[in-house]
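Below is one structure; the comments refer to it alone.
Chain letters run A, B, ... following the sequence lines, proteins first, then strands; residues in each count from 1.
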Amino acid sequence: MKNYILTLIIGLFMLPFQGQAQLLEVKQTVFGMDCAPCAYGLEKRIQNIDGIESASVSLNNGLLTANLKQDNQLTLQHIRKAVEESGFKAKEANITVAGTVTRNKTGTLVLETGAGERFILEAENQGALDDISKMKGPFTVTGKTEKSEGSGTKLRLKTVDKGKA
Amino acid sequence: MYLLNSMSMRLNKILLRIFFIVTVAGLSLASVYISHAQGGHGPVFTLATPTLGQGELSFDAMAMSTRQGSSAWMLRQNWHYGLTEDIQLNVSVPTPLQKIDTPPQGRLGTMMGSYGDLEVSGLFRFYKTYPDVGQRFESSLLLSGSVPTEDKRAGIHVGPSLHGGVVTGYASRTFYAWAGGGYQYYSEQHNDRLGDIAYITGVIGYRPPMFQHDYPKPDWRIFVESVTEWVGDNERDGLELRNTGGTKSLLGPSVLGLYGKWGLSGGILFPVYSNFSGTQESESYRLNFVLSYWF
């Protein structure tokens, strides 16, 4: 009985964290940013977004690096929109994201974050996708994403870890 | 020897004024302490395309001088606000320090009002494309309305004016180039009217490799700027005045330094061509220093 109560209590504590998997790091390539005030404006805009732990900008590499708080509800689209509002173009991004993986109606693997953002998983090696589909539970993946489509953002996988980061 | 002393005294005077103006500008900036981001990060005299990001605010304190017979000095406070990433609103307020009777007719800095005019403007970036990291091709439209801060200029009643300009160009981490042109129409005031101004501008810029350090290190670039103006004849009591109006081209260097949210730029233009109606004093130079802050 004691064990049941203990399991129930642990389960209740774990409940709020289910589905809270999220975007953890974004390395966003930015086109069109040419000067120090441009970098300053973008860095400040990103740092002011709720859920951002830290942000830095490299002018020479055209790269925005954002580390996100563990409990953030941010989406990659939110960060890309902020880049466009600064007057620049958000191109490809390398991201680390945690979420749950499901297979959609067409059989494609989709990773969904706690914020409801969906990433359509792609891999050079089909075997990697097969392996993921056989496993259960949350995953933390890194990958490269370019543009969003109606059903989600395509994410080309680089690494896959079972469980949350 | 006398000539040398005289030149040295004049130089000292100019340096003293610059010091005074920059100090005043710095103090006026220090009194403002709202804090948020990006605006005047282009050339000093010529049209340029960049607009602020959405919701961003910047301020320029500008010290300007021109000499036509004698020297005129003024301060300008320019506020810029990004309504969207493609629409920037600007207010430019002049504060004359040393006036002259017959100031040169022209837009001393093309992105702001003419000598003595308070100007409100909108800069609309209507075309943009981003070929690569740090690169932009873009085109912008500048529309503005001005009211004079004085009743008369060169003995002529000054009326409100309307201005429109268009500029296109390229910006990158190494090279910059913008070309544009515009027209300023002066309305009639007490049967007088200042001559309209048509102008074209061109600028090329370069950031040497030694200044291509990454943010947040200082960022310097140099420009060569040129302005050509066609100024119409002034009218008094409905009659066109002789010895007013004409064409002039000016050319000169400028430099822009950026460090985080601060910018410092300065430049000087010298006349390289002039064709004035009748007999007129020619403009000797245009001098401009700008201290910018991005909130």
Inset, instruction - Could you check which of Thr129(B), Asp132(B), Thr84(B) has the highest count of heavy-atom pairs closer than 4.5 Å to chain A? - result: Asp132(B)
Inset, instruction - Name all residues meeting the side chain to side chain contact (heavy atoms under 4.5 Å, CB included) criterion together with Thr66(B); count only those two or more places apart in sequence or in a different chain, and write none if there are none. - result: Ala72(B), Pro104(B), Leu108(B), Glu283(B), Arg286(B)
Inset, instruction - Would you name the heavy atoms of Asp34(A) and Ser172(B) that are closest together and state the gap between them? - result: CB-O, 3.8 Å
Inset, instruction - Answer whether the closest heavy-atom distance between the side chains of Pro37(A) and Leu258(B) falls below 4.5 Å. - result: yes
Legend entry - Lys128(B) atom NZ, over 12 foreign heavy atoms within 6.0 Å: yes
Legend entry - Worked verdict on Tyr130(B) versus Val30(A) for side chain to side chain contact (heavy atoms under 4.5 Å, CB included): CA-CA 9 Å; Tyr130(B) 308 89; Val30(A) 179; over 6 Å; no
Inset, instruction - Ignoring hydrogens and angles, tell me if any N or O in the side chain of Arg45(A) forms a donor-acceptor pair with the backbone of Gln54(B) under 3.5 Å. - result: yes
Legend entry - Side-chain touch Glu85(B)/Phe88(A), heavy atoms, less than 4.5 angstrom: no
Inset, instruction - Let me see the working for Trp294(B) and Lys44(A) under side chain to side chain contact (heavy atoms under 4.5 Å, CB included), right down to the final yes or no. - result: CA-CA 11 Å; Trp294(B) 286 264; Lys44(A) 187 159 189 169; over 6 Å; no
Legend entry - Derivation and outcome, side chain to side chain contact (heavy atoms under 4.5 Å, CB included), residues Arg173(B) and Cys35(A): CA-CA 7 Å; Arg173(B) 293 286 291 144; Cys35(A) 66; 5.6 Å; no
Inset, instruction - For chain A, find its close neighbours in residues 211-220 of chain B: heavy-atom separation under 4.5 Å, sorted by number, or none. - result: Gln212(B), His213(B), Asp214(B), Tyr215(B), Asp219(B)
Inset, instruction - Under 4.5 Å, counting heavy-atom pairs only, tell me which of Gly62(A), Ala82(A), Ser58(A) racks up the most with chain B. - result: Ser58(A)
Legend entry - OH (Tyr259(B)) with more than 12 external heavy atoms under 6.0 Å: no
Legend entry - Heavy-atom pairs under 4.5 Å with chain B, option from Gly87(A), Ser56(A), Gly32(A) with the top count: Gly32(A)
